[in-house]
Amino acid sequence: MTWWKNFGKKFKKQPRRFVWVEKLLKEITPKSHDFSQWYVDVIKKADMVDYAPMKGFMVMKPYSYKIWEFIQAAMDQRFWATGHENAYFPLLIPENLLKKEAEHVEGFSAEVAWVTMGGNEVLAERLAVRPTSETIIGHMYSQWIQSYRDLPVLINQWANVMRWEKSTRPFLRTTEFLWQEGHTVHRTETEAVVETIQQLGTYREVIEDELAVPVIEGVKSAGERFAGAVETYTLEALMGDGKALQIATSHFLGQNFAKAFEIRYLDEDGVLKYGWTTSWGSTTRMIGALIMVHGDDKGLRIPPRVAPTQVVIVPIGRGIERDAVIAHATALRDLLASQCRVKLDDRDEFTPGYKFNDWEMRGVPLRIEVGPKDIAQQRVMLCRRDTGEKFAVEERTLVQTVPDILADIQATLFSQAKDYRNRHTHAIQNYQEMAQYDHRGFFLGDWCTDERCADQLKQETAVTIRCLPLDANLSGSGCVVCGKPGVRRALFGRAY
RNA sequence: CGGGGCGUAGCGCAGCUUGGUAGCGCACUUGCUUUGGGAGCAAGGGGUCGGGGGUUCGAAUCCCUCCGCCCCGACCA
C-alpha cells in the first residue's frame, strides 16, 4: 500500500522522464505487487464503479454499465436466435415457494434477504428477495403448461438478485448483482440436456469472442453443484493472479423442480408427465473477469468489441495551430464514426501527455494522435493499447485500417490471455506438485471422484476442483490425492 | 463470523505520543502563459476531524462506547 511512496522518493531528484513513472505509480498499485489492490485501484481510477453507502453494494458507473449493455446485446442476439424470449418475474418470492425444493432452500438459506414489513404492517408471510428465480418461475410455469404442445418453454430474464454474502468485492461478489437467468422446460430429458449444453456454448461464444477471455468447459463435481441441480456445467477462466473464476453456469435440473412445483403436461400418449427443466446464468462478474484477465500496470485493456470507446483522437497543437488541429481532428472523428465508436478528446485543460495516460488507464484500445506535423504529411500516429506499438498511418487509409486494427487488437488480447492461461496450466500426477507453482494456475490431474479427496485437498492447499473438463481424458496415473485409479480428469485451482 | 488495517476538504495523507486559532499534496474556481508521454505562475473556494458520551478552562489529540469501510481467511456467481 505504501511501498511506492518510498519508491517515488528515490526518483525525486532523478531526470524528468522518471516523473511520470512516479505519478503513475501513485495512482495504480502494480499488479505484481498486490493484485487485489491493483484491481480496486483500476476500477476506481478508470471510473467503473463507486462504493455505495451500504456494505457489499456498488454503483456501476456509466463506463462499466456500457460494457454490460454490450454483453447484454451479444447474449440477447444469441438467445433470440435460438428461440428464447425475454420476460420479467417478481423481485420478491413468498417463503413457501422458496422452500418447495428441499436441496435448493438448503443451498441458499444462509444468504437470503427477507422482507418482513409492508409499510407499517408486519407481513403475514415474509418475502424473500430473490437469490435466483427457479422457484417463482417454476410456480408460474406450472400454471402455464398443460400439454406437450406448450413445450418447450424458453424464457430468459435480465434481473438483479441478492445474496447476503459475507465478504464482497466489486463485480466478483456483491450483495446485489445483475445477471441474466434462463429458465426452460422440455418434454424430454434429452432435449433438456441438449439445451443445457447449448447454452453453455452460447456463453463460451460471448465470453471468448466478445470479452476475449478464454474459458474451459466442464461439469461441476457433486460438491460444487448448484443447489437442486442434477448436473451443473460451467465455464472456468484463469485470472491474472493465477486464481480461477467461475464465469457462467448452465444447470440441468432434471425433474427436481418440475416435481416440487408440479410442472406437468399431458403427453401425446395421454399420460400426465413431469417436464424437464434447465436454468443458466451469467453475471456482471464477467466484467470483473475482463478486468483481471486483460488489465496491466497502466490500467484497463478493454477488448474492442465491448469497449465503450474504441478509438480516441488526441489533438496536439498550440496557440494558433490549435484551432486548425481541432478542426482537422473533428473531421477525422466524423469520418471514422461510421466505422467505430470514436471519441475526440478536445479538452483544453489537459496536455496530450495527460490524455495519453488517462485513456490508457481507461483501456481504450486504439489512440490516434494528430498534430501539425501529421497534418502536413497527411498522416496520423496510432498507438495500440494491447501492444503499446506506436506507428504512422496515411490518413486516407484510416477508414480501412482502423477496423482492421481493432479486430487485430481483439484477437491479440484473446491470444495473449490464452497464452497466459496455457503457460499457467500444469498437468500433474500428485497434488504436491502444485506447491512448486505456489498453488497458482490451473492444474489438470486424475481424480477418483471421492469427495473426501476433494475435501482433503481443500483443507491442505485451498485448491478446489473447478470442474471436470468436457474434453479431457484420464492420464492413468491415479488420483492426485489418494493415488487410487482415477475416474475423471479434473481441473484444479484456487478459486475466487 | 475470525485475523489485520483504516476513518481529518472530492481523493491521498500529516497533525494525535506530550490537549491550546485544522494543515499539506492532488483535484476544483478565476486569470495569464502553455500543449508530440501526467505543464507553470498567481489569486481563490471548500472541514459538524465517522457518531455519541466522558475528562478538561479548552479535545482531531486523552478515556468509554457505537458505527462504517478495505484487505486476508471460512461460506458463495
Side-chain angles (χ1 to χ4, degrees), chain A residues 1-2 4-5 8 16-29 34-41 44-45 50-57 107-112 131-132 161-181 203 220 224 226-227 232 234-236 245-249 251 280-289 298 314-322 325-326 346-361 367 369-375 380-381 383 388 390 392 458-459 462 464 494-496:
Chain A
M1 181 73 187
T2 53
W4 40 261
K5 279 187 184 165
R16 189 169 302 139
R17 66 198 149 92
F18 284 106
V19 172
W20 73 268
V21 175
E22 184 186 343
K23 288 190 176 179
L24 187 69
L25 289 174
K26 276 184 181 169
E27 297 204 15
I28 301 175
T29 305
D34 182 342
F35 194 85
S36 296
Q37 192 59 47
W38 168 84
Y39 179 78
V40 171
D41 287 350
K44 289 209 73 173
K45 298 293 180 186
D50 201 0
Y51 289 104
M54 314 80 74
K55 180 181 168 58
F57 291 79
F108 281 104
S109 62
E111 43 188 331
V112 174
T132 178
V161 289
M162 214 180 257
R163 296 181 188 177
W164 219 259
E165 302 286 355
K166 304 248 160 84
S167 78
T168 56
R169 308 185 68 188
F171 294 117
L172 303 179
R173 179 167 299 106
T174 46
T175 304
E176 179 190 15
F177 58 93
L178 302 183
W179 76 345
Q180 60 69 218
E181 47 177 326
Y203 289 144
K220 283 289 185 188
E224 301 269 337
F226 175 74
T232 288
T234 179
L235 297 181
E236 299 286 326
L245 187 75
Q246 173 180 311
I247 198 167
T249 49
H251 315 291
W280 23 277
S282 62
T283 76
T284 40
R285 174 181 268 192
M286 287 184 283
I287 297 173
K298 288 181 166 185
V314 178
I316 297 155
R318 58 174 132 168
I320 323 163
E321 291 169 329
R322 189 174 178 278
V325 171
I326 295 283
D346 59 358
R347 291 176 294 177
D348 196 31
E349 63 270 32
F350 295 113
T351 61
Y354 179 92
K355 293 176 184 177
F356 296 168
N357 289 291
D358 194 40
W359 293 111
E360 281 168 6
M361 184 173 68
R367 180 176 72 238
E369 302 170 16
V370 55
K373 289 181 230 164
D374 305 305
I375 295 173
V380 295
M381 296 301 294
C383 185
K390 203 163 167 176
K458 188 175 177 180
Q459 286 298 318
T464 53
R494 281 189 180 164
Y496 266 98

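First the proteins, then the strands, lettered A, B, ... as listed; each starts at 1.
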Side chains of A/Thr234 and A/Glu224 in contact at under 4.5 Å (non-hydrogen atoms): no
Protein-nucleotide distance (A/Arg494, atom CZ; B/rA74, atom C1'), rounded to Å: 14 Å
Using a 4.0 Å heavy-atom cut-off across all strands, classify A/Gln246 as base, sugar-phosphate, or nothing. sugar-phosphate
When the C1' atoms of B/rA43 and B/rG15 are considered, how many whole Å apart are they? 27 Å
Would you measure the distance from the C1' atom in B/rG19 across to the matching atom in B/rU56 and give it in whole Å? 9 Å
Does A/Thr351 place a side-chain N or O at less than 4.0 Å from the phosphate oxygens OP1/OP2 of B/rA39? yes
Check this for me: does any side-chain nitrogen of one of A/Glu236 and A/Lys220 sit under 4.0 Å from a carboxylate oxygen of the other? yes
A/Arg322 atom CZ is separated from B/rU34 atom C1', nearest whole Å, by 12 Å
Now, which nucleotide makes the Watson-Crick or G-U wobble pair with B/rC49, with each of the two distances under 3.5 Å? none
Watson-Crick/G-U partner (both atom distances under 3.5 Å) of B/rG37: none
Taking the C1' atom of each, how far is B/rG45 from B/rC28, in whole Å? 8 Å
Quickly work out the A/Asn357 CG to B/rG36 C1' distance and round it to whole Å. 13 Å
When all nucleic acid strands are considered with a 4.0 Å heavy-atom cut-off, which category describes A/Pro315: base, sugar-phosphate, or nothing? nothing
For nucleotides 68-70 of chain B, print each protein N/O atom paired with a nucleotide N/O atom at under 3.5 Å, atom names and distance only.
from: B/rC69; atom 1: OP1; to: A/Lys55; atom 2: N; distance (Å): 2.3

Distance-only donor-acceptor test (3.5 Å): side chain A/Lys355, base B/rG36: no
The side chain of A/Lys45 lies closest to which of these nucleotides: B/rG36, B/rG37, B/rC11? B/rC11
Among B/rA39, B/rC71, B/rA74, the nucleotide that comes nearest once only the side chain of A/Ala462 is considered: B/rA74
For A/Arg367, which residues count as a salt bridge (charged side-chain N to carboxylate O under 4.0 Å, His left out) partner, sequence neighbours excluded? A/Glu360, A/Glu369
Give one of base, sugar-phosphate or nothing for A/Glu111, where a contact means two heavy atoms less than 4.0 Å apart. sugar-phosphate
B/rG52 versus B/rG5 - spacing of their P atoms, nearest Å: 26 Å
Are any non-hydrogen side-chain atoms of A/Arg347 and A/Asp358 less than 4.5 angstrom apart? yes
For B/rG19, the nucleotide meeting Watson-Crick or G-U wobble distances (both under 3.5 Å) is none
Does B/rC72 have OP1 or OP2 under 4.0 Å away from a side-chain N or O of A/Ser36? yes
Separation between the P atoms of B/rG10 and B/rU48, rounded to whole Å: 8 Å
Taking only the P atom of each, what is the distance from B/rA22 to B/rG58 in whole angstrom? 16 Å
Reckon A/Arg347 touches a base, only the sugar-phosphate, or nothing at all at heavy-atom distances under 4.0 Å? nothing
For A/Gln459 and B/rG73, what is the distance between atoms CD and P respectively, to the nearest whole Å? 15 Å
Rounded to whole angstrom, note down the C1' distance from B/rC16 over to B/rC62. 10 Å
Just name whichever nucleotide pairs with B/rG2, Watson-Crick or G-U, keeping both distances under 3.5 Å, else none. B/rC72
Ring-plane angle category for A/Phe226 and A/His251, please: parallel below 30°, perpendicular beyond 60°, tilted otherwise. parallel
Testing B/rG37, B/rU34, B/rC75 for proximity to the side chain of A/Asp348, the answer is B/rU34
Between P on B/rG38 and CD on A/Glu349, what's the gap in Å once rounded to a whole number? 17 Å
Check the distance between B/rU35's P and A/Ile375's CD1 and give it to me in whole angstrom. 16 Å
Any strand, both distances under 3.5 Å, Watson-Crick or G-U wobble: B/rU30 pairs with B/rA42
From A/Leu172 CG over to A/Phe177 CZ, what is the distance, rounded to the nearest 0.5 angstrom? 12.0 Å
Nucleotide nearest A/Arg169 when distance is taken to its side chain, options B/rC28, B/rC72, B/rC75: B/rC72
Side chain of A/Lys458, heavy atoms from C-beta onward: which of B/rC75, B/rG38, B/rG37 has the nearest atom to it? B/rC75
Between B/rG37 (P) and A/Phe350 (CZ): distance, integer Å: 17 Å
Measuring from the side chain of A/Asp374 (C-beta onward, heavy atoms only), which nucleotide among B/rU34, B/rG36, B/rG38 has the closest atom? B/rG36
Which part of the nucleic acid, if any, lies within contact of A/Glu360, taking any heavy atom under 4.0 Å across all strands shown: a base, the sugar-phosphate backbone alone, or nothing? base
Map A/Lys373 and A/Gly107 onto RNA chain B by nearest heavy atom, then report which one ends up closer to the 5' terminus. A/Lys373
Whole-angstrom distance between B/rC24 and B/rC67, as gauged at atom P: 35 Å
Pairwise side-chain contact, A/Met286 with A/Phe171, heavy-atom cut-off 4.5 Å (strictly under): no
Looking at A/Pro170, is its backbone amide N or carbonyl O close enough to the side chain of A/Tyr39 to form a donor-acceptor pair, meaning the two atoms are under 3.5 Å apart? yes
Can you confirm whether A/Lys44 sits close enough to A/Asp50 that some side-chain heavy atom of one is under 4.5 Å from a side-chain heavy atom of the other? yes
Pairing partner (Watson-Crick or G-U wobble, both distances under 3.5 angstrom) of B/rG25: B/rC11
If you look at every strand shown and take non-hydrogen atoms under 4.0 Å, does A/Phe108 touch a base, only sugar-phosphate, or nothing? nothing
Mapping A/Leu172 and A/Gly353 onto RNA chain B by nearest heavy atom, which one lands closer to the 5' end? A/Gly353
Pairing check on B/rC62: which nucleotide meets the Watson-Crick or G-U wobble criteria with it, both distances under 3.5 Å? B/rG54
Once you measure the plane-to-plane angle for A/Phe350 and A/Tyr354, does it fall in the parallel (<30°), tilted (30-60°) or perpendicular (>60°) bin? parallel
Under the side chain to side chain contact (heavy atoms under 4.5 Å, CB included) test, which residues partner A/Glu176, sequence neighbours left out? A/Phe57, A/Asn160, A/Met162
I want to verify a distance call: between B/rC11, B/rG36, B/rC75, whose nearest atom is closest to the A/Lys166 side chain? B/rC75
Euclidean distance, atom CZ of residue A/Arg367 to atom C1' of B/rG38 [Å, nearest integer]: 12 Å
